[in-house]
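Below is one structure, written out as structure tokens; the observations come after it.
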Amino acid sequence: MNDKIKLACIIDDDSIYVNLIRKIIETKKLCDNLLVFNDGKDGIEYFETILQNLEDEFIPEVILLDLNMPVMDGWEFIERFTAIRNKIKKTITLYVVSSSINQSDIAKAKSLSSVKNYLVKPVEIDQLEAVFTKTA
Amino acid sequence: MTESALKEKLIPNSEYCYWELNDNTSYWSKAFINNLGYQPNDVTIKLDFFLNNIIHEDYRAHFKDNFYNLVRHDVDFKQNVLLLSKEGKYLEYVCKTNDDINIDSKENSKTIFFFKSKLNTHEKVRGGTFYYHETAMMTSTGSWYIDFEKKKSYWDHITRKILEYPEDFIPSLKMGLKLYAKEHQALAKTVFMECGMSGKPFDVEILMVTAHNRKFWARAMGKPVFNDSKEIIGLRGVFQDIDDVKQKEINLEKTSEIIASQNSRLFNFAHIVSHNLRSHSSNLSLIVQLIDDMDSIEEKLELMDNIKDVSDSLNTTIEHLNEVVTIQTNADQHREKVNFAATLNQVCTSISQIISTNNVTILPDFSEVKDVDYIPAYMDSILLNLLTNAIKYKHVDRDPIISVKTFVDFKDNDRVVLEIKDNGAGIDMEKFGDKVFGMYKTFHYNKDAVGIGLFITKNQIESLNGEIDVDSILNEGTTFTIKF
């Protein structure tokens, strides 16, 4: 069994954060490829497009999703993603990764069936490693 | 008064104490005068004399009301009175207008009988009337009666007083709605109609208008009056002048609204501070983790660049937050007359570069309101933010046309309104309606969208107790409305 995740996806508008995560992933060799979208709209458009051509290699196994983003926020992404995820056979594990420590955000995210877990920023390197291996 | 004139007004041969009213003249029975211990010479047979010299002052106004209602509207009454005897003692009488006693009276004349009260309720009744009267006076509560059968309305003297009508004023049914402020006439109509038609009592706070055209808050209560066959034959009730209390209540409401809005802004601000600072601190902590984790010095040094990035964006955030804090402290800054046209000119000059490169047309119309008392710097900033916003988010297919106009909102206390309307890309209100004025919220793909301008604008306006609203249709344009 191949443990390693091939493709992961980050949807987040904070470029510093994205670069740091990228660095950790590269250093720790957590996955082969990384998709980055700056907001929910770019993200969901990608998933809606690959529905036309469901090739395994384009479908990420993990999504790290921010909540507060311009244009389309994380909540709307989850809503639209939930609507199409049944069409994708591959298991996609969605994590919400946000700096919001608002209890109602946390409870809301955890109540959604599409969301595996809620991680509060800053994420620990260990935490990130766990996310990438647990799903494998 | 001459002897003969006196005699004319005296009704000599009757054992009853009564007055006969005829052709605007009062005739008193001799027995009435004697009963109090007076001789005909001691008195002047006139209502004024009776009111000033015989009846106890606590009963005076009430008796006067009853008297005039009897003369002018044929309203019977029954009332307790205290009358001063020649000995200087007040004696208790009941006066009533309809009694079966057969006296020889002229046609069309009216009669008021005075019966010495047999019950020794003297003090009690006196006290009761006194308290009733005091209560009515001190609480400014006047009573009224509307008679459906005679199509007339009656007011007591306190109603006249709080409505500022003369004491001898005779109300008519026609005045009806005129007693109420325009904005409350519909309410008055509804409650009176419902009470008159279906017998539903009412108790409302309503703006009334006095004879001198002064508006005041009143509590109006009314209930139906039924006859024996359970038909509604009239309405009776009270008006209470509650202007003092109501004004205080309104002020209190305003104050609490201001406090609530300040509180919500502070709360919002605290939330923003914690959220925006957290994202930087979490990035810093990630960097530190990475540095710890890296083996080579080179790799560690590489991460220094990231620290610089975090530090820069942290600075920007702090600057933004500082700008917001300044708004709160500036709110009590000096206001002065700000001219819309001059401010707009100034702003347009400062962004003339952007205006010409984008081919912007600005259509000002300040004919209705030319200036407003405001903090000049805020007006600058509001116009600047909204104009640059409109230009930044112009529609890709057309040159921006921005109309800027002022008017007075008659529906909202004549407040001055500034409307800025563009033909730009528009905002999807269903998705973003509640977020337009949020911090770091942008709804467009422009790379230079920062999401701080509208947040600042809203804070500036609200810190001066104004309001800003947005309405927009995607691909058609956006309208911002500011109430000062």
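Hydrogens, waters and symmetry mates are skipped; everything else that's a heavy atom, side chains included, is used.
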State whether the side chain of A:E124 and the backbone N or O of B:Q289 hold a donor-acceptor pair below 3.5 Å, judged by distance alone.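 Checked: no pair found.
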Sub-3.5 Å donor-acceptor pair from the side chain of B:R278 to the main-chain atoms of A:K121, do we have one?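 Confirmed, B:R278 side chain pairs with A:K121 backbone.
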Under 4.5 Å between any side-chain heavy atoms of B:E299 and A:K23, yes or no? no
Heavy atoms only: give me the nearest B:S313-A:I16 pair and the separation to one decimal. OG-CD1, 3.7 Å
B:D293 side, atom CG; A:I125 side, atom CD1 - distance, nearest 0.5 Å: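 Reported to 0.5 Å precision, the distance equals 4.0 Å.
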Okay, B:L284 and chain A: the region with an atom under 4.5 Å from a heavy atom over there is neither
What part of A:D73 gets within 4.5 angstrom of chain B, counting heavy atoms only: side chain, backbone, both, or neither? side chain
Taking atom types as modelled, find out whether A:D14 and B:N283 have a side-chain donor-acceptor pair closer than 3.5 angstrom. yes
Assess whether atom NZ of B:K405 is packed by more than 12 heavy atoms of other residues, nucleotides or ligands within 6.0 Å. no
Flag if over 12 foreign heavy atoms under 6.0 Å of NZ, B:K300: yes
